[in-house]
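Down below is the structure, laid out as structure tokens.
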Protein chains: 2
Amino acid sequence: MNRSANQKMNIRKEEIYRVATRLFREKGYNATGMRDIALEVGVEAASLYNHIRSKSELLQQCCFRMAGDFSRQLEEQEQRNSALALEKLEAVLRFHIRAWINRLDEVLVATHEGKYLEEPWLTEFMQERRRYMKRIEHIIIQGMDHGHIRRAEPYPIMLTIMSTVRGIEFWHRKQQEVSATDLEDGLVDVIIRGLLPIPSYHRS
Amino acid sequence: MNRSANQKMNIRKEEIYRVATRLFREKGYNATGMRDIALEVGVEAASLYNHIRSKSELLQQCCFRMAGDFSRQLEEQEQRNSALALEKLEAVLRFHIRAWINRLDEVLVATHEGKYLEEPWLTEFMQERRRYMKRIEHIIIQGMDHGHIRRAEPYPIMLTIMSTVRGIEFWHRKQQEVSATDLEDGLVDVIIRGLLPIPSYHRS
DNA sequence: GTCTATATAAGGATAGAC
DNA sequence: GTCTATCCTTATATAGAC
């Protein structure tokens, strides 16, 4: 098998992956049939199995590709020794937001359909997410120790950073009214302001 | 049919609803079979149909029950004429958080599985959510007009308020480390502080 | 590598005895 | 109201011709 044959196969496989990811997002993993994927790729369902091993493999590819990209980005921030923790958090937050703006299919499938992974991938995937959240919590604690993030329970702050981006799913349906830049800056502003060490919030 | 027979039927139906909602959350709507529900209720699958019309009816009940509860609570806040918009938003946010803490099964099913509703319920459900988000945006704009919420794009702020609570899903798996009260106050603090009209955030 | 045909399992829902 | 038995559809995946 020469190189061009290999490349063609990879292109085909990548097309299947792209179609499948979109359908998994639109209809859900369990409600998406191999026939649905095959229809949009333009072949019969049986032909898909010349390129992939199973439907589950497509889900694995999506989930671990995203997990890898997110983990690598976080590692970059962790190693920016000259940066403040708050700056690292803002960079991570902006990475999350841009992923949800530019790669919505993949992040939604990884977020919502990941629970349908089979073992041992399910366990590995959930452990990886747990580690990821711990690492973000660690940056938050560093920021508090250095005094440029206000003292508070770090766990809810981490959850907020992890979850804020989810609203972007709604934004995609009405993209015209608010620009991607305004959306990103607006979200970042709420969160980062909420972390500043300024004792100015008085309950009524 | 006397009153006690009616009540017994409703109790049974309510039990089926409760079991189904939990399974829909744990396994997803499509991956939950009538046989799964029946097993936990303690009857055969066929017997369920003496109490409910279809599996889809259980999903409808969950989604619209939640939509109704949320809409009514928002209406209460809208009619608190003496309150500041920021106070209304905090009350709404706390209602969301408590729902995600105390009724996680139902809110998760309504949020994640609602897309599997059949027509015309799907359209009605999505329109209702759209209206709900518009109403929250309206309160935010009121707060800006009155000067007790900082001027900014209202749309990302609304998304943040809608989405912050989603992290609570993770909290339920490790309930011991942070109390429900600390979680609620921690989440509220980040968001509400991020809305205050204090020009103290300078980008580096 | 793609096709047709099919194996095998599971799904929601119904019929009819009790 | 609950049961057993079953209808009918759909699902993933495989076999084997071309």
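FYI, side chains are in, hydrogens and waters are out, and symmetry mates aren't considered; it's all heavy atoms of this structure. Note on naming: letters A, B, ... go to the chains in the order of the sequence lines (proteins, then strands), and numbering restarts at 1 for each one.
- A straight line from NZ of Lys13(B) to C1' of dG1(D) spans 15 Å, rounded to a whole angstrom.
- When side chains are defined from C-beta on, Ile157(B) counts as touching Met144(B), because their heavy atoms get closer than 4.5 Å.
- A tilted orientation is assigned to the rings of Phe70(B) and His96(B), their planes being inclined by 30° to 60°.
- Per the geometry, CG belonging to Asp36(A) stands 12 Å off P belonging to dT10(D), to the nearest Å.
- Using a 4.0 Å cut-off between charged nitrogen and carboxylate oxygen, Lys55(B) and Glu113(B) do not count as a salt-bridge pair.
- Computed from coordinates, the Leu39(A) CG to dA11(D) C1' distance equals 16 Å when rounded to whole Å.
- Look at CD on Glu44(A): it is 11 Å from P on dA5(C), rounded to the nearest Å.
- Looking at Arg18(B) and Glu15(B), no side-chain N of the basic residue comes within less than 4.0 Å of a carboxylate O on the acidic one, giving no salt bridge.
- Remark: Ser47(B) is in phosphate contact with dC3(D), judged by side-chain N or O atoms under 4.0 Å from OP1 or OP2.
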Inset, instruction - Any chance you could list the contact pattern along nucleotides 13-18 of chain C? Use B for base contacts, S for sugar-phosphate-only contacts and - for none, protein heavy atoms under 4.0 Å, 5' to 3'. - result: BBB---
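- Ring orientation note: the planes of Phe24(A) and Tyr29(A) are nearly perpendicular, at an angle over 60° on the 30°/60° scale.
- In this structure, NE2 of His51(B) is placed 6 Å from C1' of dG1(D), rounded to the nearest angstrom.
- Ion pair Glu78(B)/Lys88(B) not flagged as a salt bridge, since none of the NZ, NE, NH1 or NH2 atoms sits closer than 4.0 Å to an Asp/Glu carboxylate oxygen.
- The interatomic distance linking Leu59(A) (CG) with dT12(D) (C1') rounds to 15 Å, in whole Å.
- Atom CG of Leu48(A) is separated from atom P of dT4(C) by 13 Å (rounded to the nearest Å).
- Across the protein-nucleic acid pair, Lys27(A) atom NZ and dT10(D) atom C1' stand 12 Å apart, rounded to whole Å.
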